[in-house]
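Below is one structure, written out as structure tokens, with a few remarks after it.
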Amino acid sequence: MKPLHEQLAVIKENVVDLLPEEDVIMKLERSIKNNTPLRIKLGLDPSRPDIHIGHAVVLQKLRQFQDLGHLVVLIIGDFTATIGDPTGKSKTRPALTIEETRHNGTTYVMQAAKILDMYRTEVLYNSSWLDLLSFRDVIRLTSQYTVAQLLERDDFTKRYRANEPISLHEFLYPLIQAYDSVAVKADIEVGGTDQKFNLLAGREIMRGSGAEPQCILTMPIIEGTDGVEKMSKSLDNYIGLTDSPKDMFGKTMSIPDSLIPRYLQYACFAPSDEVTLVKQGLQDGSLHPRAAKVDIAKRIVARYHGQSAGDEAFAEFERVFVKKDIPDVIEERSLPYAQTDVITLLVDTQMAASKSEARRLVTQGGVSLDAVKITDPYAVVDISEQRILRVGKLRFLRVIGA
RNA sequence: GGGCAGGUACUCAAGCGGCCAACGAGGGCAGACUGUAAAUCUGCUGACUUAUGUCUACGGAGGUUCGAAUCCUUCCCUGCCCA
């Protein structure tokens, strides 16, 4: 194992909080002395199975721990996910069945494997210990925390002040997560800065249970492609790890220029002196923002799809958006008729959700067939030969009639 | 248990008997423009055989009325105050 100061330097890279640092040092020293890896915990919510590059910031940190010889403990929150949110206010927490959580958990882990070293990863489902707790155990757990402490959490404070409902069980979530730390004997728990409260609650509960409290490490939450909100699936401003190279590239190109340094640092994990260099270049005009974004987009695609995919995605992007040509790979769809009106064609190919929508698209000039714009919603089109249907700037479909 | 205020489209939020498929904002979609799927500007944004037409929709169920998101009854849900 590497000496303390070297490890600490790697661990502190890009982090927001590392608390309490002296405990981290103590744990590291002990780990080196006994040649025992630290247990680094990350909790995952399987109600949303898609990982995006925002999550990747945290996973990358875990990977660094692994490269230093430590062990990552991934906890799939299947227990919590099956409870859901009975207030029904938040659709972000639909109650899932056990099967769904298992399925999501598996896909989650497969995606995480793009970044993590799975030989140094332990995957656990929290239902395996939470299901065993009795009501007595739960009450004992709740007695270790106070209402005032819970209300300190930012979103609880806000909702309470705004007279918005807070279900009792929501108070339990931080405690459940904290109990997970007890169950897996976490040395350090990692999460986004939005998790700081929950991570700290873990310390309290561990102490109360007679365990050695974990340390906490938080990573920045990166903004989504809109540049304002945090990246999240529900806001649809995310770049998914399983997105196609084309989508990854395009989504990255669509970020506002102001986000370039952050994406370079946290999505590409570029060294800090390179980030500084790019910032300077952008400021004095020697680096064109578009060039900087192309570079970032290529690197992101290359990271998850391989080097050549990055270059291909770039070429494709140039062709479709800069030269306004059609992409080289287009989905194909055969239809049971040789000719029909545009409206029907759009609906049948699911390029429009309803006939009204199809009509709107046509009227607005968003529909073309073989690069010929169709503006008459009653136009009858012949598809006995294969033709390229285009809706908006981005959606292409090769149609072939019977 | 009592009192009060609320529940409107994807979200927030107006409307408080006909002019309401419902102001406005955000979001989404399309168009123009552009280094880009950015920014900006413009338009659209319940569905249906596109019709000064029909149907569905303003928490649920009933009712009053020629006519209800708007009034009444009742039920469900949320917040606040009192107990």
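Naming convention: chains lettered A, B, ... in sequence-line order (proteins, then strands); numbering from 1 in each chain.
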Output the single nucleotide from [options] whose closest atom is nearest the side chain of [X].
X	options	result
Arg290(A)	G35(B), C48(B), A30(B)	G35(B)
Lys293(A)	U36(B), G79(B), A37(B)	U36(B)
Lys373(A)	G31(B), G43(B), U45(B)	G31(B)
Ser254(A)	C29(B), A37(B), G35(B)	A37(B)
Leu394(A)	G35(B), A37(B), C29(B)	A37(B)
Met253(A)	C48(B), C80(B), U36(B)	U36(B)
Tyr160(A)	U49(B), C80(B), G35(B)	C80(B)
Asn163(A)	C80(B), A47(B), A37(B)	C80(B)
Arg360(A)	A47(B), A30(B), G35(B)	A47(B)

Touch class at under 4.0 angstrom, heavy-atom based, for [X] against every strand present:
X	answer
Lys393(A)	base
Asp257(A)	base
Pro377(A)	nothing
Gly250(A)	base
Phe249(A)	nothing

Going by an N to O cut-off under 4.0 Å, is there a salt bridge joining [X] and [Y]?
X	Y	result
Arg102(A)	Glu99(A)	no
Glu212(A)	Lys27(A)	yes
Glu223(A)	Lys230(A)	no

Checklist entry - Which base, if any, makes a Watson-Crick or G-U wobble pair with U52(B), both distances under 3.5 Å? => result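 By the stated definition (distances under 3.5 Å), nothing pairs with U52(B).
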Query - Strand partner of G18(B), provided both Watson-Crick or wobble distances fall under 3.5 Å - result: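 C66(B) - that is the nucleotide pairing with G18(B), both distances being under 3.5 Å.
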Notebook entry, point to check: Mind checking whether Arg203(A) and Leu200(A) have side chains closer than 4.5 Å, heavy atoms only?
Noted result: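 They are in contact (side-chain heavy atoms under 4.5 Å apart), so the answer is yes.
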Whole-Å [atom1] distance, [N] and [M]:
N	M	atom1	answer
A38(B)	G6(B)	P	41 Å
A9(B)	G59(B)	P	8 Å
G63(B)	A13(B)	C1'	30 Å
G24(B)	U65(B)	P	35 Å
C55(B)	U42(B)	C1'	32 Å
A5(B)	U40(B)	C1'	42 Å

Between Phe171(A) and Phe156(A), does the ring-ring contact (aromatic ring centres under 6.0 Å, His included) criterion hold? Intermediate values first, please.
CA-CA 9 Å; Phe171(A) 271 177; Phe156(A) 284 150; 5.0 Å; yes
Measure CG/Asn237(A) against C1'/G27(B) and give the value in whole Å, please.
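Spelled out: CG on Asn237(A) to C1' on G27(B) is 12 Å.
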Inset, instruction - Return the 5'-most residue of the pair Leu361(A), Ile260(A) with respect to RNA chain B, ranking by each residue's nearest nucleotide. - result: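 The residue whose closest nucleotide sits nearer the 5' end is Leu361(A).
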Margin query: Please determine whether a side-chain nitrogen or oxygen atom of Thr363(A) lies at a distance below 4.0 Å from atom OP1 or OP2 of C44(B).
Written below: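 False: Thr363(A) side-chain N/O out of range (4.0 Å or more) of C44(B) OP1/OP2.
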As a quick check of understanding, evaluate salt bridge (Lys or Arg N to Asp or Glu O under 4.0 Å) for Asp194(A) and Lys196(A), giving each step before the final call.
CA-CA 6 Å; Asp194(A) 57 344; Lys196(A) 188 171 174 181; over 6 Å; no
